[in-house]
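Let me begin by presenting the structure, written as structure tokens, before commenting on it.
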Amino acid sequence: MTGVQKLILGYIGVKIANFPEDIVLDYIEPNKLLMKLKKEAAGFSKQPLAMQDDRACFEAWCLLIKAKTNKPELEIELDVEGITNASYPGGKPANGYMGKFLYRILKFSEQYTMWFKLAPTLEALKDNFKIYLAGHSFVANEPVKEAEEDLANLLNMGLESYVAYLFCDSESAKRNILALTREAIVGRQLPVGLVEGSKASGKELFAGEEAAIDFWAVDENTINVYELKSKKPMLGIITESFFYSNYVYDVFISKSLDHGKGSVEIEDGTYRSYDKIKGNKGKQVKGIMLSNSNRKGWHSSLGKPTRNEIKRIMNANGMFGAIQYEFLEYQLNPLKIGEYYISK
């Protein structure tokens, strides 16, 4: 954190241990915080950053600042360094990172319009993206194989893949930690790719098979979208949950990316219970941020009172309950070297 960042955050009552030096802050009286990202944080670069990276997860930083500030009327304006109207003149975004970023600023500025704004150039690029969506249809990527089930392979893939399997395989975890009904359908690794027109076009709006939701559940009239962390405290869990929840709502409930425009086709598929989420009768998406409460769980800035305030702010999104968010905890317990079990 730079000295200037520390002074600005302190002035608005935000006490946090660290803030990315790559995100430039400025303050305009009486109540406006300016936040400027580097190009790579928004996909306007040949070396783009993942949205959960501390330098790119603007939603998480905005919500954290709003939760901690002593200025309830604080407005946050987002910008990207060095962009012009020519940075995105319209059409399919240059890469999947840019596509995700444009989708995220569209949704975030729309849902938190009372306090989140876009700088004029970024607003113009968002409008170009809306025009693009309105003129095209899209196809969602369906799973092409079952999710891995071998525990040794899952551990090699990463601890979160292993823990996601435990949640989906354990009836006790489903009931006692996730509070799902016995009729709930669960699945792992839901792809979040979108292709313009048809699969044959190869024109990806978002990344394809390599990008996936950790696990999900269809429970009565709600689709739960779980973003899981295990011994990996990241503020970016908030950004991931926001993006995935909006994606699931738009693709599987609204079936359009922008209020009836940018229609989405969902192809048939049975791998990973895809037919169950495709055929859901849900009316609500719940984005659940799930982290272990022991063994390096939540990010240091996400104490329980802060999580509760972020949840309150996130749920005041003008969606009339269609998308809601929640933080949930579990215990990650060592069973033997390299293996774990989960409990409440």
Side-chain angles (χ1 to χ4, degrees), residues 52 143 145-192 209-234 236-245 247-248 252 270-277 280 282 284-299 302 304 307 311 323-336 338-344:
Q52 67 269 28
K145 61 182 179 180
E146 293 294 355
E148 180 63 64
E149 293 192 354
D150 182 270
L151 292 180
N153 289 341
L154 285 165
L155 276 171
N156 287 334
M157 291 167 62
L159 182 57
E160 284 160 12
S161 296
Y162 176 87
V163 174
Y165 172 83
L166 297 182
F167 270 109
C168 295
D169 188 59
S170 168
E171 292 300 318
S172 174
K174 292 177 197 174
R175 308 291 171 264
N176 298 330
I177 303 175
L178 305 180
L180 297 172
T181 68
R182 294 189 179 278
E183 292 74 30
I185 304 295
V186 298
R188 288 182 291 129
Q189 291 296 297
L190 178 69
V192 291
E209 180 68 19
E210 69 275 11
I213 292 166
D214 290 325
F215 68 103
W216 54 269
V218 175
D219 195 10
E220 297 179 339
N221 68 345
T222 300
I223 305 174
N224 291 345
V225 176
Y226 297 94
E227 181 54 33
L228 172 69
K229 298 301 176 194
S230 300
K231 291 173 49 175
K232 191 176 182 182
M234 291 182 66
I237 189 174
I238 297 170
T239 284
E240 290 177 294
S241 185
F242 174 79
F243 171 74
Y244 294 142
S245 297
Y247 174 93
V248 167
F252 295 103
T270 57
Y271 291 123
R272 309 181 200 175
S273 300
Y274 192 70
D275 54 325
K276 302 299 191 299
I277 193 169
N280 83 90
Q284 180 193 54
V285 170
K286 185 175 285 186
I288 299 175
M289 292 158 274
L290 183 61
S291 186
N292 55 296
S293 58
N294 60 342
R295 308 177 67 85
K296 296 182 181 179
W298 297 107
H299 186 275
L302 294 178
K304 189 162 186 177
R307 297 200 303 271
K311 172 184 170 181
I323 301 178
Q324 294 287 275
Y325 299 91
E326 184 177 340
F327 291 91
L328 199 60
E329 293 183 322
Y330 68 97
Q331 295 277 323
L332 182 63
N333 309 294
L335 190 60
K336 60 181 181 178
E339 294 186 11
Y340 298 86
Y341 71 95
I342 53 177
S343 61
K344 190 169 181 179

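With sequence neighbours excluded, no residue forms a ring-ring contact (aromatic ring centres under 6.0 Å, His included) with Y247. L151 pairs by the side-chain contact (heavy atoms from CB on, under 4.5 Å) definition with L154, Y162, Y165, not counting sequence neighbours. Residues satisfying the side-chain contact (heavy atoms from CB on, under 4.5 Å) criterion with K296, sequence neighbours excluded, are P233. In terms of the salt bridge (charged side-chain N to carboxylate O under 4.0 Å, His left out) criterion, E149 has no residue partners (sequence neighbours excluded). Taking the side chain to side chain donor-acceptor pair (under 3.5 Å) definition, one finds that Q52 meets it with nothing, sequence neighbours left out. Checked against side-chain contact (heavy atoms from CB on, under 4.5 Å), T239 has the following partners two or more places apart in sequence or in another chain: M51, C57, E59, A60, R104. Shown here are the side-chain contact (heavy atoms from CB on, under 4.5 Å) partners of N294, two or more places apart in sequence or in another chain: N292, Q331, L332, N333. Remark: E171 engages K174, R175 in a salt bridge (charged side-chain N to carboxylate O under 4.0 Å, His left out) (not counting sequence neighbours). By the side chain to side chain donor-acceptor pair (under 3.5 Å) test, S170 pairs with no residue at all, sequence neighbours left out. Every residue meeting the ring-ring contact (aromatic ring centres under 6.0 Å, His included) condition with Y226, not counting sequence neighbours, appears here in chain and number order: F215. Here E339 pairs with nothing under the salt bridge (charged side-chain N to carboxylate O under 4.0 Å, His left out) rule; sequence neighbours left out.
Between L335 atom CG and I342 atom CD1 the span is 12.0 Å, to the nearest 0.5 Å. For the atom pair S230 OG and L290 CG, the distance stands at 7.5 Å (nearest 0.5 Å). The line from CD of Q189 to NZ of K145 is 10.0 Å long, rounded to the nearest 0.5 Å. Rounded to the nearest 0.5 angstrom, N224 CG and L178 CG are separated by 8.0 Å. For the atom pair S293 OG and K344 NZ, the distance stands at 11.5 Å (nearest 0.5 Å). Rounding to the nearest 0.5 Å places CG of L190 at 6.5 Å from OH of Y274.
F252 and N280 get closest at one heavy-atom pair: O-ND2, 3.5 Å. Y341 approaches P334 most closely through the heavy-atom pair CE2-O, 4.1 Å. Nearest heavy atom pair, residue V186 against residue C168, reads CG2-O, 3.9 Å. Nearest heavy atoms, G287 versus S245: CA-OG, 3.2 Å. The two residues A212 and V192 have their closest heavy-atom pair at N-CG2, 4.2 Å. In this structure, M289 and W298 approach most closely via the heavy-atom pair O-CH2, 3.4 Å.
Note on E240 versus K229: salt bridge recorded, some NZ/NE/NH1/NH2 to OD/OE distance being below 4.0 Å. Salt-bridge formation is not detected for the pair E146/R188: no Lys NZ or Arg NE/NH1/NH2 atom is positioned less than 4.0 Å from an Asp or Glu carboxylate oxygen.
For the pair L302 and I238, the minimum side-chain heavy-atom distance is below 4.5 Å. Residues I288 and V225 are not in side-chain contact: their nearest non-hydrogen atoms beyond the backbone lie 4.5 Å or more apart. The closest side-chain heavy-atom distance from Y340 to V163 is not below 4.5 Å.
There is a side-chain donor-acceptor pair under 3.5 Å between Q284 and T222.
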Any chance you could lay out the side-chain contact (heavy atoms from CB on, under 4.5 Å) test for S291 and F327, step after step, and finish with the verdict?
CA-CA 8 Å; S291 186; F327 291 91; over 6 Å; no
Decide side-chain contact (heavy atoms from CB on, under 4.5 Å) for F242 and Y325; before the verdict, give the C-alpha distance in whole Å, the side-chain angles of both, and the deciding distance to 0.1 Å.
CA-CA 8 Å; F242 174 79; Y325 299 91; 3.4 Å; yes
Take L228 and I237 through the side-chain contact (heavy atoms from CB on, under 4.5 Å) test and state the conclusion after the steps.
CA-CA 8 Å; L228 172 69; I237 189 174; over 6 Å; no
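Residue pairs meeting the salt bridge (Lys or Arg N to Asp or Glu O under 4.0 Å) criterion with at least one partner in residues 213-222, sequence neighbours excluded, do not occur; the list is empty.
Each of N176, I177, L166 was evaluated against Y330; a single residue qualifies, I177, per the side chain to side chain contact (heavy atoms under 4.5 Å, CB included) test.
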